[in-house]
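Since the structure comes first, as structure tokens, the remarks are kept for the end.
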Amino acid sequence: MEKTTKSFPISHVIGFFMSLLLTFGAAWVALQTSLPMNTIIWIIGSLAVTQAALQLYMFMHMNEGEDKAALTINILYAAFIAVVIVAGSIWVMFSGHSH
Amino acid sequence: MSAKIDTALPLEYQTEQNRMNILGFWIFLGAEIVLFATLFGVYGVLGHRHAGGPMQQDLFIIKDVMIQTMLLLTSSFTMGIAIFEMRRHQLKGMLVWLVITLLLGGGFLYMEIQEFTHYVHQGATMQTSAFLSSFFVLLGTHGLHVTLGIGWAVLLIIQLLQRGLTPVTARKTFIIGLYWHFLDVVWIFIFTFVYLAGLVS
């Protein structure tokens, strides 16, 4: 966490271009390739997670301040709960009742 | 208000109160992640139940989705620049970038409302199918957050004009910045798992 004296926000510009790259990359994989559905979902899902991490670090300054460890644990825990809710719901509803 | 001011830090972190407010907002964002996760879970379960109504491929127009995505992505970037200007103590630059952010956010909202009215005119309403119920609830909740964010930022801009850049207004701006970036993060997942996944043939 520095008191910014630089006059050009280089890390923001890099973050923005990487976000654009990941967005168009995901659109290309989903719409222009003929990979199996599951493969596409895994690839574009990974690109989305990468882009979310990019936002957290390059725009939201998650890696600064005296509470950065608490912040990281908080967000990782929320992400864990999110995965459990989404993947758990889908798993229970689609494979749970076929047995 | 805490009297201990640490001027070695950026304005928004200078008081204990500010640091606690920012930490508290991160914890709120953790809860927001879980809120959106429940809605994504519902969409993941019900997204294939079309009940004879339109399917994702019949409704989604990739060009419009890309424009919405660009508007929100760019607005997240310009919000980042506003915070960058704030750390350089450039109130004027900060206000300019905040206004640009709000215009981009307003453009996104306009596109989304157009999209929803278009769907409804095609007979694809919330009552049509489980897919559309879960779709409108997930996207509507996100759109509502964007709307609230715009209203909140307008109030903040008024306060910045009245009071200038102080540790309190800097902290408020930083927090609204976090909120705005978070909405972009949620949109990345909507773009990926609702639109792109729905358009994979």
Side-chain angles (χ1 to χ4, degrees), chain A residues 1-9 11-13 15-16 19-20 22-24 26-27 29-31 33-35 37 40-41 44-45 47-49 51-53 55-56 58-62 64-67 70-71 74-79 81-90 92-94, chain B residues 7-11 13 19-20 22-23 26-27 29-34 36-38 40-46 48 62 65-66 69-70 73-74 76-81 83-89 174 177-178 180-182 184-186 188-189 191-193 195-201:
Chain A
M1 170 168 42
E2 81 278 32
K3 272 178 118 168
T4 314
T5 46
K6 287 177 299 188
S7 59
F8 187 73
S11 71
H12 289 81
V13 174
F16 181 53
S19 295
L20 289 176
L22 289 164
T23 302
F24 282 103
V29 170
L31 305 171
T33 65
S34 43
L35 295 164
M37 181 75 176
I40 289 181
I41 297 293
I44 63 179
L47 293 177
V49 171
Q51 202 178 330
Q55 292 272 335
L56 285 168
M58 301 194 96
F59 291 167
M60 294 170 81
H61 312 274
M62 195 166 84
E64 64 178 31
E66 59 186 22
D67 298 315
L71 296 187
N74 175 53
I75 292 300
L76 284 178
Y77 182 62
I81 298 289
V83 169
V84 170
I85 290 171
V86 176
S89 303
I90 292 172
V92 165
M93 295 306 287
F94 285 103
Chain B
T7 49
L9 298 172
L11 272 179
Y13 285 107
R19 291 192 289 273
M20 287 296 110
I22 291 169
L23 176 64
W26 274 98
I27 291 166
L29 288 184
E32 288 273 278
I33 289 175
V34 175
F36 279 100
T38 61
F40 274 103
V42 172
Y43 182 82
V45 169
L46 299 178
H48 308 281
I62 187 65
V65 176
M66 290 309 281
T69 306
M70 285 309 116
L73 203 63
T74 311
S76 183
F77 169 66
T78 56
M79 180 58 99
I81 304 296
I83 302 297
F84 177 84
E85 289 290 321
M86 182 175 89
R87 290 194 169 174
R88 295 173 64 217
H89 297 263
F174 188 76
L178 292 180
W180 199 263
H181 296 308
F182 170 76
D184 185 49
V185 171
V186 174
I188 293 165
F189 286 94
F191 170 72
T192 303
F193 290 109
Y195 288 106
L196 287 185
L199 285 168
V200 177
S201 42

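All chains are named by letter (A, B, ...) in the order of the sequence lines, taking the proteins before the strands, and each is independently numbered beginning at 1. Computed from heavy atoms alone, side chains included, the values below leave out hydrogens, waters and symmetry copies.
With a 4.5 angstrom heavy-atom cutoff, B/Phe174 touches chain A only via side-chain atoms. Of the atoms belonging to B/Met66, it is side-chain heavy atoms, and not backbone ones, that fall under 4.5 Å from chain A. For a residue to count as touching a neighbouring chain, one of its non-hydrogen atoms must lie under 4.5 Å from one of that chain's; by this rule A/Gln55 touches chain B with the side chain only. Heavy-atom distances place both the backbone and the side chain of A/Val13 under 4.5 Å from chain B. The contact between A/Met62 and chain B is made by backbone and side chain atoms together, counting heavy-atom distances below 4.5 Å. Only the side chain of B/Thr69 has a heavy atom closer than 4.5 Å to any heavy atom of chain A. Looking at B/Ile62, only its side chain comes within 4.5 Å of chain A, counting heavy atoms on both sides. Residue contact with chain A, scored on non-hydrogen atoms closer than 4.5 Å, involves the side chain of B/Met70 exclusively.
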Using side chain to side chain contact (heavy atoms under 4.5 Å, CB included), reason through B/Ile83 and A/His12 one step at a time and then give a plain yes or no. CA-CA 11 Å; B/Ile83 302 297; A/His12 289 81; 5.7 Å; no
For A/Gln51 and B/Thr192, what are the C-alpha separation, side-chain angles and deciding distance, and is it a side chain to side chain contact (heavy atoms under 4.5 Å, CB included)? CA-CA 11 Å; A/Gln51 202 178 330; B/Thr192 303; over 6 Å; no
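Rounding to the nearest 0.5 Å places CZ of B/Phe191 at 8.0 Å from CD1 of A/Ile44. For the atom pair CG (B/Leu73) and CG (A/Leu20), the distance works out to 5.5 Å, reported to the nearest 0.5 Å. The CD1 atom of A/Ile85 lies 11.0 Å from the CD1 atom of B/Ile33; values are rounded to the nearest 0.5 Å. Here A/Tyr77 contributes atom OH and B/Ile27 contributes atom CD1; the two are 13.0 Å apart, rounded to the nearest 0.5 Å. If you take NE2 on A/His61 and CZ on B/Phe84, they are separated by 10.0 Å, rounding to the nearest 0.5 Å. To the nearest 0.5 Å, atoms CD (A/Glu64) and CG (B/Leu9) are separated by 9.5 Å.
Using cut-offs of 30° and 60° for the angle between ring planes, the B/Phe77 and A/Phe59 rings count as tilted.
The side chain to side chain contact (heavy atoms under 4.5 Å, CB included) search around A/Leu47 returns A/Leu22, A/Ala26, A/Ile43, not counting sequence neighbours. Under the rule for a side chain to side chain contact (heavy atoms under 4.5 Å, CB included), the partners of A/Val49 that lie at least two apart in sequence or sit in another chain are B/Phe189.
Nearest approach of B/Ala197 to A/Ile41, heavy atoms of both residues: CB-CD1, 3.5 Å. Contact detail for A/Val86 and B/Gly41: the closest heavy-atom pair is CG2-N, 3.9 Å. The nearest pair of heavy atoms linking A/Ala78 to B/Val34 is O-CG2, 4.2 Å. Taking every heavy atom of both residues into account, B/Leu29 and A/Met60 meet most closely at CD1-CE, 3.8 Å. Of all heavy-atom pairs spanning B/Val185 and A/Ala52, the tightest one is CG1-CB, 3.7 Å.
Comparing A/Ile75, A/Ile81, A/Leu71, A/Leu56 by heavy-atom pairs within less than 4.5 Å of chain B, the highest count is held by A/Leu71. For chain B, the option among A/Gly88, A/Ala87, A/Ser11, A/Ser19 with the highest count of heavy-atom pairs below 4.5 Å is A/Ser19. Among B/Gly30, B/Ala31, B/Ser76, the residue making the largest number of heavy-atom pairs under 4.5 Å with chain A is B/Ser76. The most heavy-atom pairs under 4.5 Å with chain B, out of A/Ala70, A/Ala79, A/Gly45, A/Ser34, come from A/Gly45. Comparing B/Thr38, B/Ile81, B/Leu196, B/Ile22 by heavy-atom pairs within less than 4.5 Å of chain A, the highest count is held by B/Leu196. Contacts with chain A were tallied for B/Met86, B/His48, B/His181; B/His181 has the most, counting heavy-atom pairs under 4.5 Å.
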